[in-house]
> 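One structure is given below, represented as structure tokens, and several questions about it will come after.
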Amino acid sequence: MRFPALTALAAALSLALPAHAADSDIAQIRAQLEQIKQAYEQRIAALESRLAQAESRAGEAVRTAEASAARVAAAPAPVAAPASGFNPETSLILQGRYLRAKDVPGRTISGFWPAAGHDHDHDEGGHGGGKRGFSLDHSELVFAANIDPFWRGQLMLGLLDGEVEVEEAWVQSLALGQGMNLKGGRFRSGLGYLNEQHAHAWDFADAPLIYTALFGEHASYAQDGVQLKWLAPTPFFLELGAEFGRGAAFPGSERNKNGSGAGALFAHLGGDLGSSHSWRAGLSYLRTRAEGREAHFEDVGGLEAQGVFAGRSRTVGVDAVWKWAPDGNPQYRNFKLQAEWFRRSESGTLDCLDEEALGNACAGGVRSDYATRQSGGYLQGVYQFTSNWRIGLRHDRLDSGRRDFGDNAANLAVEQHRPRRDSAMVDYRWSEFSRLRLQFARDRSMLGVTDNQVTLQYIMSLGAHGAHKF
Amino acid sequence: MRTLRSLLLLPLLLLALGASPARAALDILATVPEWAALAQALGGEHVRVYSATHALQDPHRIEAKPSLIARARSARLVVATGAELEVGWLPVVLRESGNARIQPGQPGYFEAAAQVRLLEVPVVLDRAHGDVHAAGNPHVQTDPRNLLPIGEALAARMAELDPAHAGAYRDNQRRFAERLRASLAEWERIAAPLRGVPVLVQHRAFPYLQAWLGLREVGALEAKPGVEPGSAHLAGIVARQAAQPARMVLRAAYQNDGPSRWIAERTGMPAVVLPFTVGGTPEATDLFALYGDTVRRLRQALGE
């Protein structure tokens, strides 16, 4: 009775084992085992030599430790890191200033749609730091960490009295590969060069005029949406990007709709020239729509009127930055030249209203066509001549261009202006975490006003060591 | 006609580039020249190595340049120092590259400092002490003995990423380690008189070199790491020279020569430029020449 069972076992074994385990296979397995053994012996020998090294170094370390009590020479014994080891990188940026400027009520850039909209208090603070005298700029609090092997997240809060603003809150892909990079959430658009930079990374105390004219007090276009970038597999830098989002920010407006409210496209090209020069150039395009975008105007008789725009807005821009550092070592001396230029075209309708019943030219409301084509840009250079000191010059130039208000041209004062501003700054840094800046500016952005401004500003960052983009 | 011909030639050229054997090589992006040299020594003809920096650049202060992002895009392996040396630029380069294979935590990301025991690990993390590195001093390459474990781990990583040439990487590593051990004995013989010699350093860049050769650091010209030397601090060092005399002042090739020259002029001690990495001096053409030249320059300054 046993034989059938044994036969079955043999049959099962012959199935499980390779049908013909020849001698050559056995020899191969032996050779592999021998290899593994050798590899382990080598590793053990290497570990022993490391141990011996570590011991000799530990001996040296005792002497080093005597030289400096603030340092310990040997690594601390490995202890299980507490859960707080997973806390995100945190950094905090403190900024404040003293500003000496003319007292101009309702400060705007003449000839351009006031991006602050209906807000009367625009000049009383905000992110442009328009307050005269001593003031605190918003403090920035940043949290960032890898979420898992696939995603990274970052939150950036702007803190000011009674106000916490989510400036950016996004997740970014880490594992897409093929040069793809996906970002989702609220982010600063990849338009232009300066748009992604926060105020603490600027080389001047304020943003270029064109950024304020195009995007309002934050001097940056941000939106809630998604951004997809693709880096070409080329020896030089070529990056293409597309964004879709809510489009609630100026020049668009909140529109309560499904689908995308704003789209942006951009391309960046860059590289090195020798070891001392590097550059990046870009093209960008933003397309969005606005509904009920409101701003204050003056009517032909000098009375206040309200203008409400509905229509489409398109912005194109070019940007370029070139950096020089001797032998590619920017620590002691370096120079940075950057320029950007934008043109915005808007078309739609303009409703002129008399909301406060002042009896202005638009009493009862007048609707007309509205078409504008406006442009502007800046050129700036910053030279660092020792490891602590930098000087910089900037020229801003805007053109109010074509402003066609249709029938409302007869009701509203249509200002034509070419705003100009020249700025010079000198700054000192104690370390890469602290900076003090003095800036003089001759601001002719308002029709008939020449404002000589003096700004003294500090920017300090504490916490995790952030890495900045080029 | 000519444009037509060049239009026809272009795809052919691209095809030829794609088919060239260089394409099969393991693409390595090293952050600093010493790891580029090590990767080249271990990889031989099976790797294509690009160094993000050269010896005259301060490795702490590199920018996330577009050219580096483009390089990272095609890299199969990034060899970094780690220990926060590249914290100001490498994270941006890696994230912007859109290359999933070289992100920290992936096999394509290698940190040299993680393979050795670090010195000068701060007890207190406070920037009042300057730009300190939380993990310890990252300048591990100034002790050639560190190249043994680093080279071993790097060769293993290269073999993991490129199994077809695993044998070649192992053989190269064995040969490299043998030659290094032989050279170590020679360098240590030449450097024997340096044991116990008191030195000043411009930046605390040499704790591993000091540990190897037994040099005794009695002061640093940078009062705090990453903060440029101030005149009051330098004057204090000169004043201390009487009580605690140093024999020479050391600086890395990428650093400004002003502070160490100032000290040298006032005290009469020699200011020694050390290559610090491959290419830092005309003589330091590869890893072996780097340490040979370092030892030679130190001995020369000792003048015995």
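We name chains A, B, ... by the order of the sequence lines, and we start the count at 1 in each one. Worth knowing before you read on, the calculation uses all heavy atoms, side chains too, and leaves out hydrogens, waters and symmetry mates.
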> Which answer fits A:P235, side chain, backbone, both or neither, if we ask what part of it has an atom under 4.5 Å from a heavy atom of chain B?
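A:P235 touches chain B through backbone heavy atoms alone.
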
> For the OG atom of A:S275 and the CG atom of B:L56, what is their distance to the nearest 0.5 Å?
8.5 Å

> Which bit of A:Y332 is near chain B, if near means a heavy-atom gap under 4.5 Å: side chain, backbone, both or neither?
side chain

> Could you give the distance from CD (B:Q103) to CZ (A:R152), rounded to the nearest 0.5 Å?
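One gets 10.0 Å once the value is rounded to the nearest 0.5 Å.
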
> Side chain from CB out, backbone as N, CA, C, O: work out which of these in A:A325 comes under 4.5 Å of a heavy atom of chain B, or both, or neither.
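Answer is neither: A:A325 stays 4.5 Å or more from chain B.
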
> Tell me if a side-chain donor or acceptor on B:N99 pairs with a main-chain N or O of A:G177 at a distance below 3.5 Å.
no

> What closest approach, in Å, do B:A70 and A:T234 show between heavy atoms, and which atom pair accounts for it?
CB-O, 3.9 Å

> In Å and rounded to the nearest 0.5 Å, what is the CG to CD1 distance from A:L238 to B:I69?
12.5 Å

> For each of A:S173, A:P326, A:S387, A:P149, tally heavy-atom pairs with chain B at distances under 4.5 Å, and name the one with the top tally.
A:S387

> Please state whether the side chain, the backbone, both or neither of B:H54 comes within less than 4.5 Å of a heavy atom of chain A.
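For B:H54, the contact with chain A is made by the side chain alone.
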
> Identify which part of B:Q255 has an atom lying under 4.5 Å from any heavy atom of chain A, answering side chain, backbone, both or neither.
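Both backbone and side chain.
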
> Spell out, as yes or no, whether a donor-acceptor pair under 3.5 Å connects the side chain of B:Y254 to the backbone of A:N329.
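Not a single qualifying donor-acceptor pair exists.
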
> Quick one: do B:R61 and A:E432 satisfy side chain to side chain contact (heavy atoms under 4.5 Å, CB included)? Show the steps, please.
CA-CA 10 Å; B:R61 303 260 190 283; A:E432 57 184 310; 3.1 Å; yes

> Assess whether atom CZ of A:R429 is packed by more than 12 heavy atoms of other residues, nucleotides or ligands within 6.0 Å.
yes

> Whether the side chain of B:D58 engages the backbone of A:Q331 through a donor-acceptor N/O pair (distance < 3.5 Å, no angle test) should be reported.
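Answer holds: no.
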
> Name the region of A:S278, side chain, backbone, both or neither, that has any atom closer than 4.5 Å to a heavy atom of chain B.
side chain

> Kindly indicate whether the side chain of B:V92, heavy atoms from C-beta on, has any atom under 4.5 Å from the side chain of A:F470.
no

> Give a yes or no answer on whether the side chain of B:Q57 reaches the backbone of A:G328 with a donor-acceptor pair at less than 3.5 Å.
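Checked: pair present.
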
> In terms of heavy-atom pairs under 4.5 Å with chain B, which of A:R280, A:H268, A:E239, A:H468 leads?
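Counting heavy-atom pairs under 4.5 Å, the top option is A:H468.
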
> With rounding to the nearest 0.5 angstrom, report the NE2 to OG distance, A:H277 to B:S67.
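OG of B:S67 is found 13.0 Å from NE2 of A:H277.
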
> Please classify the contact of B:E96 with chain A as side chain, backbone, both or neither, using a heavy-atom distance under 4.5 Å.
both

> Using modelled atom types only, decide if a donor and an acceptor are shared between the side chain of B:R127 and the backbone of A:G463 within a distance under 3.5 Å.
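Checking the backbone N and O of A:G463 against the side chain of B:R127, a donor-acceptor pair under 3.5 Å is found.
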
> When rounded to the nearest 0.5 angstrom, what distance separates CZ in B:R95 from CD in A:Q172?
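One finds 6.5 Å between CZ of B:R95 and CD of A:Q172.
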
> Identify the heavy atoms of A:N181 and B:G98 that sit nearest to each other, and give their distance.
ND2-N, 4.2 Å

> Heavy-atom distance under 4.5 Å to chain B: side chain of A:W230, backbone, both or neither?
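For A:W230, side-chain heavy atoms alone lie under 4.5 Å from chain B.
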
> Heavy-atom pairs under 4.5 Å with chain B - which of A:P233, A:A175, A:A232, A:G270 has more of them than the others?
A:P233

> Is it the backbone or the side chain of A:D272 that comes under 4.5 Å from a heavy atom of chain B, or both, or neither?
both

> Is chain B contacted by the side chain of A:F150, its backbone, both, or neither, given a heavy-atom distance below 4.5 Å?
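Interface part for A:F150: neither.
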
> Which one wins on heavy-atom pair count under 4.5 Å against chain B: A:N388, A:L231, A:L462?
A:L231

> Please check if the side chain of B:R73 supplies one atom and the backbone of A:Q178 the other of a donor-acceptor pair under 3.5 Å.
yes

